[in-house]
Amino acid sequence: MFALCDANSMYASCEKVFDPSIRNKPVVVLTNNDGCICAACGIAKRMGVGKKFVPYFQVKKELEAAGVVIRSSNYELYADLSQRMMDTCARFAPDINVYSIDECFLNYGKEATAPQEGWDNLASTIRKTVWREVRLPICVGIGPTPTLAKVANHASKNVSGFTGVAVLDNENTRKHVLKQLAVTDVWGIGMRLGAKLNALGIHTAWELANRDPSQIRKAFSIIVENTVRELNGEVRHCWETVRVAKKEIYSTRSFGNRVTDYDELRAALAGHAETVSVKLRKQKCVTGSMTLFATNSPHDNGGYVRRSFFHRFTVPTNDTRNILNVIDSAMSQLFQPGVYYYKCGVGLMDLHEQGLFQYDLFNASNDNPRLMACMDNINSRYGRSTVQMAAKGFEQRFSMKRAFLSPQYTTQWPDIPKIKC
DNA sequence: TCTGGGGTCCTAGGACCC
DNA sequence: TCTGGGGTCCTAGGACCC
């Protein structure tokens, strides 16, 4: 059995933890650069405002009129509260898989028999404990496959009769819940696939579950076939222990203000190069190729400009210095005077497990793993960018817009809440 | 005044080579 | 003179997730 624990409106809920004055108000959180809405609390949702990924400027007046509290994304706060939530959840299972900042899977093993108190009570206990210890509201869904745990979690929030927990441990409940679930609410089925499935007369999760998996594979892909099998209780996701290594690693950001300066674009790319290098080493991999890109906004006048630069390393590397060295040759391709750059990024592809790659006799690696490990250790102990490459620059000229940022209550000394006696 | 998220995987199709 | 198959690598864009 698997459990999926998922925080309700994570970002909006985090904003309420240390600020009692907004607990009973509608709260909406914006994405990077205050660009779009990315989370809305229950109160805001019930008022019908805060639709996900709508550009903020388009609904600004409406939100103001409704008295909605606006917050910029405070990732430092969310990441810390997420860690606390995961620590608490982890105590309730032999194995945990943190799937995203606001959800984790708990794995109870293949032959899991119901715990003494029963699955329902276990789910309730997890939920109450996270509320008591972290003050985050979560929902818990339990089922025999990860996809069914996701279904149960969805049901715990949306199907009448469930209040925050749902367990799919028998045929009747499975059928009852799948029949009420739209096919597009199934994990892995988005808008596009949903439309195609609708055209085939498949509207509910139940109808999808009852299709022949091999037919579905022919019409769609192995991914949809696996979804059908998981809906029927056959485990296809293999996350028994650790998450599979990523095949590509990216870091991209839009700028707070448009960038037209050569040095600024270069520094931004250096920052992304450093970010992906750190992620690469965390995954214990080396990279064989790298892509860099810079674009203006497709919404700006004067046509879309997208420039990209591809580089293949003669010797696979995970040394930040080798990865940074590519930027100067890339810049001559990417930078064009007069373009108002809106976004740039760096991606690493062709990843190999460190140590498994066969090096060429004539192309020895010039990586310095001890130096990199030293930098990584200092930064993980004393905070990001305690030591960094100079190429990234020390002024945050292109830092993102965060006009409605709350304090970093748990990660910055000056921001720690004070209690007046 | 202007404003439009970020990450990963997959694949069709173009470019290039032999 | 003109034409042609098949493989690899890269790019752009689609699709999905949160």
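Chain A is the first sequence line, chain B the second, and so forth, proteins listed ahead of strands; every chain is numbered from 1. What you see below is based on every heavy atom in this structure, not just the backbone, and it leaves out hydrogens, waters and symmetry mates.
- Residue A:Ser73 places no side-chain N or O under 4.0 Å from the OP1 or OP2 atom of B:dG5.
- Rounded to whole angstrom, the span from the OH atom of A:Tyr340 across to the P atom of B:dT3 amounts to 11 Å.
- Nucleic acid contact class of A:Ser251 (heavy atoms, under 4.0 Å, all strands): sugar-phosphate only.
- Residues A:Asp367 and A:Arg321 are not paired through a salt bridge, judged by the lack of any N-O separation under 4.0 Å between the basic side chain and the carboxylate.
- For the pair A:Ile37 CD1 and B:dG5 P, the computed distance is 13 Å after rounding to whole Å.
- Relative ring orientation between A:Tyr78 and A:Tyr11 is described as parallel, the plane-to-plane angle staying below 30° on a 0-90° scale split at 30° and 60°.
- An OP1 or OP2 oxygen of B:dG5 is reached within less than 4.0 angstrom by no side-chain nitrogen or oxygen of A:Asn33.
- Using a 4.0 Å heavy-atom criterion, one finds that A:Met191 contacts the sugar-phosphate atoms exclusively.
- Using a 4.0 Å heavy-atom cutoff across all strands shown, A:Val29 reaches no nucleic acid atom at all.
- Residue side chain A:Phe57 fails the stacking definition with respect to B:dG4, as its ring centre and the base's six-membered ring centre are not both under 5.5 angstrom apart and under 30 degrees in plane angle.
- Looking at heavy-atom distances under 4.0 Å, A:Ser289 makes no contact with the nucleic acid at all.
- No salt bridge links A:Glu264 with A:Arg266; every basic N to acidic carboxylate O contact stays at or beyond 4.0 Å.
- Following rounding to the nearest Å, A:Ile249 (CD1) and B:dC9 (C1') show an atom-to-atom distance of 13 Å.
- Distances shown here put a side-chain N or O of A:Arg258 below 4.0 Å from the OP1 or OP2 atom of B:dG4.
- Nucleotide C:dC16 forms a Watson-Crick or G-U wobble pair with B:dG7, both donor-acceptor distances falling under 3.5 Å.
- Atom CG of A:Leu351 is separated from atom C1' of B:dC10 by 15 Å (rounded to the nearest Å).
- Across the interface with DNA chain B, nearest-nucleotide mapping of A:Glu248 and A:Tyr56 shows A:Tyr56 to be the residue nearer the 5′ end.
- Put simply, NE2 on A:His311 is 12 Å from P on C:dT11, counting in whole angstrom units.
- Protein atom CZ of A:Phe293 is 12 Å distant from nucleotide atom P of C:dG13, rounded to whole Å.
- Atom pair A:Leu348:CG and C:dC10:P shows a separation of 14 Å (rounding to whole Å applied).
- B:dC17 sits 14 Å from C:dG4 when the C1' atoms are compared, rounded to a whole Å.
- Taking 4.0 angstrom as the limit, A:Arg306 places none of its side-chain polar atoms (N or O) nearer than this to OP1 or OP2 of C:dT11.
- If you check B:dG5, B:dG7, C:dC18 against the side chain of A:Lys279, the one that comes closest is B:dG7.
- Counting only heavy atoms from C-beta on, A:Arg253 has its side chain closest to B:dG6 among C:dC18, B:dG6, B:dT3.
- Here A:Ile101 lies out of heavy-atom contact (under 4.0 Å) with every strand.
- Here A:Thr252 reaches the OP1 or OP2 of B:dG7: one of its side-chain N or O atoms lies under 4.0 Å away.
- Between A:Lys343 and the phosphate of B:dG4, there is no side-chain N or O to OP1/OP2 separation shorter than 4.0 Å.
- Taking every side-chain heavy atom of A:Trp187 into account, C:dC18 is the closest of C:dC18, B:dG6, B:dC9.
- Backbone-only contact: A:Leu193 has heavy atoms under 4.0 Å from sugar-phosphate atoms and none from a base.
- Considering only heavy atoms from C-beta on, A:Asp80 stays 4.5 Å or farther from A:Tyr409 through its side chain.
- Taking the ring centre of A:Phe293 as origin, the terminal cationic atom of A:Arg306 falls inside the region bounded by 6.0 Å and 45° from the ring axis.
- Residue contacts for A:Cys36: at a heavy-atom cut-off of 4.0 Å it reaches the sugar-phosphate backbone alone, with no base atom in range.
- Minimum atom distance to the side chain of A:Arg192 is reached by C:dC16, of the listed B:dG5, C:dC16, B:dG4.
- Ion pairing between A:Glu76 and A:Arg402 holds under the 4.0 Å rule for side-chain N and carboxylate O.
- Using a 4.0 Å cut-off, no side-chain N or O of A:Tyr99 falls inside it from OP1 or OP2 of B:dT8.
- The residue A:Asp6 sits apart from the nucleic acid: no heavy atom pair falls under 4.0 Å.
- Taking 4.0 Å as the cut-off between side-chain N and carboxylate O, A:Lys279 and A:Glu274 do not count as a salt-bridged pair.
- Counting any heavy atom pair closer than 4.0 Å across all strands shown, A:Asp34 reaches no nucleic acid atom.
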